[in-house]
Amino acid sequence: MKKTIRNALDDGIKLLRDNKVIDAQIDANMLLEQILQMDKVNIIINGNKEITEHKYISYMRLINIRAKGKPLQYITGYQEFMGLPFKVNNNVLIPRQDTEILVLEAIKCIKENNITNILEIGSGSGCIPISICNECENVRATSVDISIEAISVAKQNAVTNKVDDRISFIQSNLFEKVDNINNFELFISNPPYIKRNEIVSLMREVKDYEPIGALDGGEDGLYFYKQISKKVKELTNEKSYIFYEVGHDQSEEVKEILEYYGYTNINISKDLAGINRVVSGTMYK
Ligand code: GLN
């Protein structure tokens with residue numbers, strides 16, 4: 001039986017809804033856009049046109065993958081962040097809109113203090129240093145990740161976004177392979193922060209598909225905040241700024257960690273949903 005583009009879209013939405021995909025309509029549209037290489041408006045305008053059997057089958061194959069729980073971004077291989085395009089695959093966390101708040105707060109500090117040298121811990125897709133370098137032309141960044149697969153994705157994203165001449169990505173367990181830590185003026189991280197025993201209760205899209213190493217923050221979810229805060233204190237002897245993204249209920253605990261290690265000017269910023277999302281502080285020497 002012949003199918004129109006509209007029929008295909010409706011079949012896709014129905015299958016996603018039947019499988020409890022939250023944004024069924026958006027996701028079905030995005031996958032059809034990918035298969036037909038058409039934007040949303042053209043899909044509507046051409047709704048009554050026939051879709052070839054081959055394209056219909058390819059489309060429903062992607063719909064079935066999404067219906068089983070694979071995040072849309074790992075199927076399309078793409079996520080936008082701070083208005084820039086990022087390639088993603090299952091070796092990197094999908095950049096979240098919440099993280100834009102972290103980036104914006106850091107950019108404010110960079111501009112106010114003429115900061116030129118920053119270190120990011122946990123590159124993932126590279127979205128944080130890439131979007132900072134894109135906004136601040138005098139900044140050079142170093143970014144570390146323990147995962148060589150993540151580093152490979154982040155490097156490609158730096159090239160796509162034309163900031164690869166100002167970012168070095170290093171495979172390193174935290175600070176192990178980083179020289180001259182003292183030269184960095186600002187440290188930034190969106191570390192893994194989920195409590196280990198809570199990972200099983202996350203959405204299937206996250207727990208079954210996103211890299212566990214990007215999620216697991218140890219027993220209390222605070223392992224990386226403690227490690228990074230301690231190391232920055234120990235390894236620097238100039239004034240340093242520190243910026244963290246935190247889990248929805250972690251801002252007070254992370255503030256206490258920073259206070260414990262002697263950071264001052266501690267500031268907490270909210271995300272668009274009104275949740276405390278960014279904790280920052282300053283280490284004076
Ligand atoms: N920096 C990356 C991001 O914010 C990766 C973070 C992570 O893997 N925890 O998306």
Side-chain angles (χ1 to χ4, degrees), residues 71-74 77-107 118-135 139 141-158 160-161 163 167-175 178 184 186-196 198-199 202-203 205-207 209-218 221-229 242-248 250 254 269 271-272 275 277-280:
L72 179 76
Q73 295 89 334
Y74 289 152
Y78 167 86
Q79 173 64 44
E80 186 189 294
F81 181 83
M82 292 287 292
L84 301 175
F86 287 88
K87 170 195 156 130
V88 293
N89 63 29
N90 62 1
N91 295 306
V92 302
L93 203 72
I94 299 163
R96 304 295 203 269
Q97 213 184 355
D98 297 335
T99 305
E100 294 186 349
I101 306 296
L102 172 69
V103 168
L104 291 169
E105 289 294 317
I107 289 174
I118 71 171
L119 178 68
E120 187 210 17
I121 302 97
S123 323
S125 63
C127 63
I128 293 175
I130 290 170
S131 50
I132 291 177
C133 284
N134 181 59
E135 294 283 333
V139 167
T142 299
S143 175
V144 297
D145 203 296
I146 195 165
S147 156
I148 190 72
E149 291 84 9
I151 295 279
S152 156
V153 173
K155 279 185 174 165
Q156 292 174 53
N157 282 324
T160 309
N161 288 297
V163 289
I167 309 183
S168 315
F169 290 101
I170 303 175
Q171 185 193 14
S172 171
N173 182 8
L174 297 174
F175 300 87
V178 188
F184 297 105
L186 183 145
F187 297 82
I188 184 165
S189 186
N190 172 24
Y193 56 62
I194 312 290
K195 289 194 184 87
R196 192 164 293 157
E198 286 180 3
I199 292 176
L202 299 174
M203 293 163 69
E205 274 78 356
V206 180
K207 70 169 182 227
Y209 293 91
E210 298 209 75
I212 185 98
L215 302 170
D216 185 349
L222 301 169
Y223 174 80
F224 291 98
Y225 301 112
K226 293 177 190 160
Q227 289 292 316
I228 296 168
S229 306
I242 197 157
F243 283 82
Y244 290 128
E245 176 172 321
V246 301
H248 67 98
Q250 291 174 324
V254 174
S269 313
D271 64 18
L272 296 173
I275 294 168
R277 189 57 75 186
V278 175
V279 180
S280 60

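Whatever order the structure lists them in is the order used to number ligands and atoms, beginning at 1. Small disclaimer: the values here were computed from a predicted structure and weren't measured.
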Do [X] and ligand 1 have an N or O pair less than 3.5 Å apart?
X	answer
Ser125	no
Ala214	yes
Cys127	no

Atoms in ligand 1 with a heavy atom of [X] nearer than 4.0 Å:
X	result
Pro192	9 (N)
Glu120	1 (N)
Gly124	5 (C)
Pro191	9 (N)
Thr99	4 (O)

Inset, instruction - Give a yes-or-no answer on whether the side chains of Glu205 and Tyr74 include a donor-acceptor pair shorter than 3.5 Å. - result: no

Inset, instruction - Starting from the C-alpha separation in whole Å, work towards a yes-or-no answer on side-chain contact (heavy atoms from CB on, under 4.5 Å) for Val246 and Tyr225. - result: CA-CA 9 Å; Val246 301; Tyr225 301 112; 3.9 Å; yes

Inset, instruction - Please work out which of Ile121, Asn190, Ile146, Ile94 has its closest non-hydrogen atom nearest to atom 7 (C) of ligand 1. - result: Asn190

Legend entry - Mutual orientation of the aromatic rings belonging to Phe81 and Phe86 [parallel < 30°, tilted 30-60°, perpendicular > 60°]: perpendicular

Donor-acceptor pair, [X] side chain versus [Y] backbone, under 3.5 Å?
X	Y	value
Ser131	Ile128	yes
Ser123	Val144	yes
Gln227	Leu174	no
Ser189	Ile121	yes

Inset, instruction - Mind checking whether Ser189 contacts ligand 1 via backbone (N, CA, C, O), side chain (CB onward), both or neither, at a 4.0 Å heavy-atom cut-off? - result: neither

Inset, instruction - Could you check atom 5 (C) of ligand 1 against the protein and tell me its nearest heavy-atom contact, residue, atom and distance included? - result: Gly122 O, 3.5 Å

Legend entry - atom 2 (C) of ligand 1 - nearest protein heavy atom and its distance: Ser123 O, 3.4 Å

Legend entry - Leu84 side, atom CG; Cys133 side, atom SG - distance, nearest 0.5 Å: 11.0 Å

